[in-house]
2 protein chains.
Amino acid sequence: MPREKQYNEAEVIERAMVLFWKNGYKSTSLRMLSKEMGINQFSINASFGNKKNLFLESLKLYKSKLQQVLKKFEDSSNGKDSIKNFFYAFAAFSNQDNNKRGCLMVNTMSEFGLEIDEQVGAVISNYGEKLRGLFKKNLEFNTAIDSVTLNKQINFLVLAIGGLGLAGKIQNNTVIEDYIEMTFKNL
Amino acid sequence: MPREKQYNEAEVIERAMVLFWKNGYKSTSLRMLSKEMGINQFSINASFGNKKNLFLESLKLYKSKLQQVLKKFEDSSNGKDSIKNFFYAFAAFSNQDNNKRGCLMVNTMSEFGLEIDEQVGAVISNYGEKLRGLFKKNLEFNTAIDSVTLNKQINFLVLAIGGLGLAGKIQNNTVIEDYIEMTFKNL
DNA sequence: ATTTTAACTAATCAATCGATTAGTTTTAGG
DNA sequence: CCTAAAACTAATCGATTGATTAGTTAAAAT
């Protein structure tokens, strides 16, 4: 029998995720990853195949962490205030420990635009659809609303959450708070 | 006397700008630039010094083009409708010819975050301040407004225009239009 | 016509990229 | 104890990066 892996895959993915989150995909080299993950390039390859797959695993881990935020949103879906609470939670997640890393998924969409890798794009799109569903549910909560207006509001919120992800990298907390307050003032 | 330059600097900067706009700074290599600009790497160096300076020139050219959009905003600053018109013009500029390139300045802020080059950051910040001033002017137009609310609205619009720049890369025109309409419905 | 100057071309520099190879160490089964 | 299998280390692969060098060409001034 061979020796055991001397590292925990979940742990090294977490470190990779932080690096990708901080620097983006292209600007994070395998050597940086190797150093930060504490394992050498060959081990990265052995565990994850290649850089893209490591990124995919990092993205999935990120998504699972953000899923905890989404879970609260799902559990207390009581209308527009729930959406607003989610916006605040998402903004906090995008600037945790005041690291100004934004949102890894928004960062990735911004880095690749529409020429995104198919698998990476699928992970992100899946999250987007989930979000749309929750926005819909909460916008309809206790309110009669025509489908045209509903769709406009959903589109509004989708773009807004993207803007908020970007803002997590470059804006201070006051700007972000003011944005959320103004957004929900008259929604 | 030596021979004349066989290329027009303004023309080659324009081509460089398009490439940076499309691909971002890091993903645009000097070889890609050389090919697209129709001059070789040495000539790029001779005219612009290095990649960063070429990017700076591209950014300034971009800004001057966007300045035409801003000029209209300055000339017809008649309140919130003027801001809304600017939003539409900015969105159109960020997706001209349906190229989904977004806004070069927003793209650059997203690429570098707060670790942006000092000179590059200065060019972008300067534009941001101009924008803030125009938002302020139009929000105050024909309306009494307390300074606290005014600042919140300005912050709201600043984040919103960034989100719109990002959306120009990844969202369809309907989402963008819905966002603008919703944004100004109750402002 | 010769000289001078800079624009030009092509080749190449060291550094870094993602990925891989060759060879060593560890560990459990036989 | 010996062997087999895989985790490991270190070195290096070809390709590409930004930048630069050496040498050639063109054109105005003398």
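Just so it is clear: chains get the letters A, B, ... in the order the sequence lines come, proteins before strands, and each one is counted from 1. Note that the coordinates shown come from a computational prediction; the quantities given were computed from them, not determined experimentally.
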Q. Which part of the nucleic acid, if any, lies within contact of Ser27(A), taking any heavy atom under 4.0 Å across all strands shown: a base, the sugar-phosphate backbone alone, or nothing?
A. nothing

Q) Is the closest side-chain donor-acceptor distance between Asn50(A) and Asn45(A) under 3.5 Å? A) no

Q | Residues in contact with DNA chain C, drawn from residues 6-16 of chain B - heavy-atom cutoff 4.0 Å | A | Gln6(B), Tyr7(B)

Q: Ignoring backbone atoms, establish whether Ser29(A) has a side-chain N or O less than 4.0 Å from OP1 or OP2 of dT16(C).
A: no

Q) Do Thr149(A) and Asp146(A) get their side chains close enough for a donor-acceptor pair, meaning under 3.5 Å? A) yes

Q.
Tyr62(B): which residues meet the ring pair (Phe, Tyr, Trp, His ring centres under 6.0 Å) condition with it, sequence neighbours left out?
A. Trp21(B), Phe93(B)

**Q.** Closest-nucleotide ordering on DNA chain D, the 5'-leading residue of Arg31(A) and Ala46(A)
**A.** Ala46(A)

Q. According to a strict under-4.0 Å criterion, is Asn40(A) in side-chain N/O contact with OP1 or OP2 of dC8(D)?
A. no

(Q) We want to know whether Glu9(B) and Ser47(B) form a side-chain donor-acceptor pair, criterion being a heavy-atom distance below 3.5 angstrom. (A) yes

Q. Taking only side-chain nitrogens and oxygens of Asn45(A), does any of them come within less than 4.0 Å of OP1 or OP2 of dT20(C)?
A. yes

Q. Is it the case that Asn186(A) and Asn186(B) place a side-chain donor and acceptor less than 3.5 Å from each other?
A. no

Q.
Under 4.5 Å between side-chain heavy atoms, counting indirect links through other Ile/Leu/Val/Met/Phe/Trp/Tyr residues: same cluster for Val12(A) and Leu19(A) or not?
A. yes

